[in-house]
Amino acid sequence: MISFKCSNCGGEMTISHAGELMCPYCGTKHNFSDKELEGYKVFRHRMLEYLAAVAEKRAKASDFDYLWTNSAEILFKTIGDEDITVNYIYEYTDGGITSYVARESVVILFPKEHAHLADVARSGASNVTAPKADMKNLLQYVPTTKGIFKLQDGGVLWVISKDEGMFPLGLFGNLDYQDVAWIVSRLENLACLFEFSGIVHGDISPDTVYINPATHEAAILGGWWKSHGTGSVRTTDLKEIRDTAHKLIGDAFPSIPKMFKEFISGSSKADAFADFEYWDEVIEKGLGGRHFHKFGK
């Protein structure tokens with residue numbers, strides 16, 4: 001995913017459903033030409049068709065195949081002279097580290113100058129633990145390593161598992177606030193898991209969060225090389241959940257329910273558990289309670 005900074009406020013701009021760059025913070029917009037957006041529009045059309053099928057409960061295996069007709073391919077060489085071919089539908093680069101979204105995995109390339117961060121990422125993910133009473137089996141929503149490969153150029157590939165129905169939020173553009181609300185709920189749950197484990201993820205964003213729109217599941221599969229112990233910045237993840245929600249809602253933010261708006265634009269609580277209690281209050285008093293909202297409806 002190409003990243004652009006807003007010329008007005010310096011915030012990270014995102015691509016809206018209308019095919020334009022927009023800043024979720026100050027509202028600045030920039031239009032691309034049709035040629036510049038051609039590739040994005042083709043994939044976006046296919047993604048919307050898939051989401052429509054999900055909303056009507058008629059999604060089937062072939063819908064996944066349709067998405068993958070637009071995949072790209074990249075080849076890597078290991079130090080053992082083996083070829084690793086990755087077919088992917090989405091890529092994004094953050095701090096020199098590139099993630100490739102494959103059908104049943106996320107392949108993360110740590111170039112030579114950042115190769116040491118592969119161990120940081122694996123360690124951060126493996127340090128996440130759950131209480132014995134974890135009824136939601138939250139550990140399935142953090143990375144599980146499928147393989148680690150050293151490359152001939154000094155880089156490292158970290159391959160992690162991904163359900164084929166999971167896609168990074170960056171692919172969906174702006175969403176209805178009701179869709180964003182259940183995503184926030186899942187992320188608040190994961191923030192509590194991190195709090196229990198004594199870690200901070202440090203990079204919760206539309207690119208690092210993956211969702212399954214059919215099952216309303218969310219996982220944090222990217223950005224683990226920025227994870228660290230809690231220390232004095234334990235509210236980092238809580239702020240990033242709010243930033244992510246703001247980006248997803250986009251220019252519809254002023255019209256969302258008052259308590260949801262206050263949650264997003266206000267400060268987080270002192271820790272994830274207190275923040276989850278606050279969010280629970282927002283759901284009950286500000287969003288009409290818990291109910292299943294069809295994605296995209």
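Everything numeric in this text was worked out from a predicted model, so none of it was measured. The figures here come from the full heavy-atom set of this structure, side chains too, leaving out hydrogens, waters and symmetry mates.
With hydrogens and angles disregarded, no donor-acceptor distance shorter than 3.5 Å links the side chain of K247 to the backbone of P206. Checking side-chain atoms of E195 against main-chain N and O of A272 turns up a donor-acceptor pair under 3.5 Å. With hydrogens and angles ignored, the 3.5 Å screen pairs a side-chain donor or acceptor of K146 with a backbone N or O of E104. Checked by atom type and distance alone, the side chain of S197 pairs as donor or acceptor with a backbone atom of T129 at under 3.5 Å. In this structure a side-chain-to-backbone donor-acceptor pair under 3.5 Å is missing from H114 to L109. Although no hydrogens or angles enter the test, the distance criterion places a donor-acceptor pair under 3.5 Å between the side chain of K162 and the main chain of R103. The main-chain N or O of A270 is never found under 3.5 Å from a side-chain atom of T235 such that the two would form a donor-acceptor pair. Using a distance-only test at 3.5 Å, with no hydrogens or angles considered, a donor-acceptor pair links the side chain of S126 to the main chain of S123. Under the 3.5 Å distance criterion, the side-chain polar atoms of Y92 are matched with a main-chain donor or acceptor of D207. A side-chain donor-acceptor contact under 3.5 Å links Q140 to the backbone of N137.
Both F149 and I74 are assigned to one and the same hydrophobic cluster, defined by single-linkage of ILVMFWY side chains at heavy-atom distances under 4.5 Å. Neither L139 nor F276 shares a network with the other; the hydrophobic side chains, linked directly or stepwise wherever heavy atoms of I, L, V, M, F, W or Y lie under 4.5 Å apart, form separate groups for each. In the hydrophobic cluster analysis, where Ile, Leu, Val, Met, Phe, Trp and Tyr join through side-chain heavy atoms closer than 4.5 angstrom, I148 is grouped together with V142. No continuous path of hydrophobic side-chain contacts links I204 to F196 [ILVMFWY only; heavy atoms under 4.5 Å].
Residues L151 and I79 have side chains not in contact (no heavy-atom distance under 4.5 Å, counting atoms from C-beta outward). Looking only at side-chain heavy atoms (C-beta outward), I264 and I249 come within less than 4.5 Å of each other. Using a 4.5 Å heavy-atom threshold, the side chains of E73 and T85 count as touching. Taking 4.5 Å as the limit, some side-chain heavy atom of L157 sits within range of a side-chain heavy atom of V107. D81 has its side chain within reach of Q152: a pair of non-hydrogen atoms, C-beta onward, lies under 4.5 Å apart. A 4.5 Å side-chain heavy-atom check between P168 and V101 finds at least one atom pair inside the cut-off.
Note: F172 and F167 have perpendicular aromatic rings, judged against thresholds of 30 and 60 degrees for the angle between ring planes. Using bins of under 30°, 30° to 60° and over 60° for the plane-to-plane angle, the ring pair W224/F194 lands in the perpendicular bin.
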- request: Walk me through it: do S205 and T244 pass the test side-chain hydrogen bond (donor to acceptor under 3.5 Å, both in side chains)?
  value: CA-CA 5 Å; S205 74; T244 296; 5.8 Å; no
side-chain contact (heavy atoms from CB on, under 4.5 Å) evaluation trace for W158 with I160: CA-CA 7 Å; W158 183 35; I160 60 178; 3.3 Å; yes
- request: Given side-chain contact (heavy atoms from CB on, under 4.5 Å), test V159 with I84 step by step and report yes or no.
  value: CA-CA 11 Å; V159 183; I84 296 178; over 6 Å; no
- request: Output, in order, the C-alpha distance, side-chain angles, deciding distance and verdict of side-chain contact (heavy atoms from CB on, under 4.5 Å) for Y100 and I89.
  value: CA-CA 8 Å; Y100 300 91; I89 56 171; over 6 Å; no
task: Evaluate the criterion side-chain contact (heavy atoms from CB on, under 4.5 Å) for residue pair L175 and I183; output intermediate values, then yes/no.
output: CA-CA 10 Å; L175 299 175; I183 292 169; 3.9 Å; yes
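A salt bridge is defined here as a Lys NZ or Arg NE, NH1 or NH2 lying under 4.0 Å from an Asp or Glu carboxylate O, and D94 with K226 meets this definition. Electrostatic pairing of K112 and D153 does not count as a salt bridge here, judged by no charged N lying under 4.0 Å from a carboxylate O. Using a 4.0 Å cut-off between charged nitrogen and carboxylate oxygen, K269 and D275 do not count as a salt-bridge pair.
Under the 6.0 Å cut-off for aromatic ring centres, W182 and Y177 do not qualify, their centroids lying 6.0 Å or more apart.
Note that CG of L187 is 5.5 Å distant from CD1 of I220, once rounded to the nearest 0.5 Å. Put simply, CD1 on I241 and OG1 on T236 are 11.0 Å apart, with the number rounded to the nearest 0.5 Å. Between atom CG of residue L117 and atom CZ of residue R122 there is a gap of 13.0 Å, rounded to the nearest 0.5 Å. Distance check: R186 CZ to Y141 OH gives 8.0 Å after rounding to the nearest 0.5 Å. Here E284 contributes atom CD and M259 contributes atom CE; the two are 10.0 Å apart, rounded to the nearest 0.5 Å. For the atom pair CD1 (I256) and CG (D176), the distance works out to 10.0 Å, reported to the nearest 0.5 Å.
Heavy-atom minimum distance, V180 versus L248: CG2-CB, 3.8 Å. The two residues V120 and S227 come nearest to each other via the heavy atoms O-OG, 3.9 Å. Of all heavy-atom pairs between S161 and L221, the closest is O-CD1, 4.1 Å. The nearest pair of heavy atoms linking P257 to G286 is CB-O, 3.7 Å. The two atoms that bring W279 and S185 nearest to each other are NE1-OG, 2.8 Å, heavy atoms only. Nearest heavy atoms, H201 versus G222: NE2-O, 2.7 Å.
Within a 6.0 Å sphere centred on NZ of K77, heavy atoms belonging to other residues, nucleotides or ligands number more than 12.
Annotation: cation-pi geometry satisfied between R242 and F263 (NZ/CZ under 6.0 angstrom from ring centroid, within 45° of ring axis).
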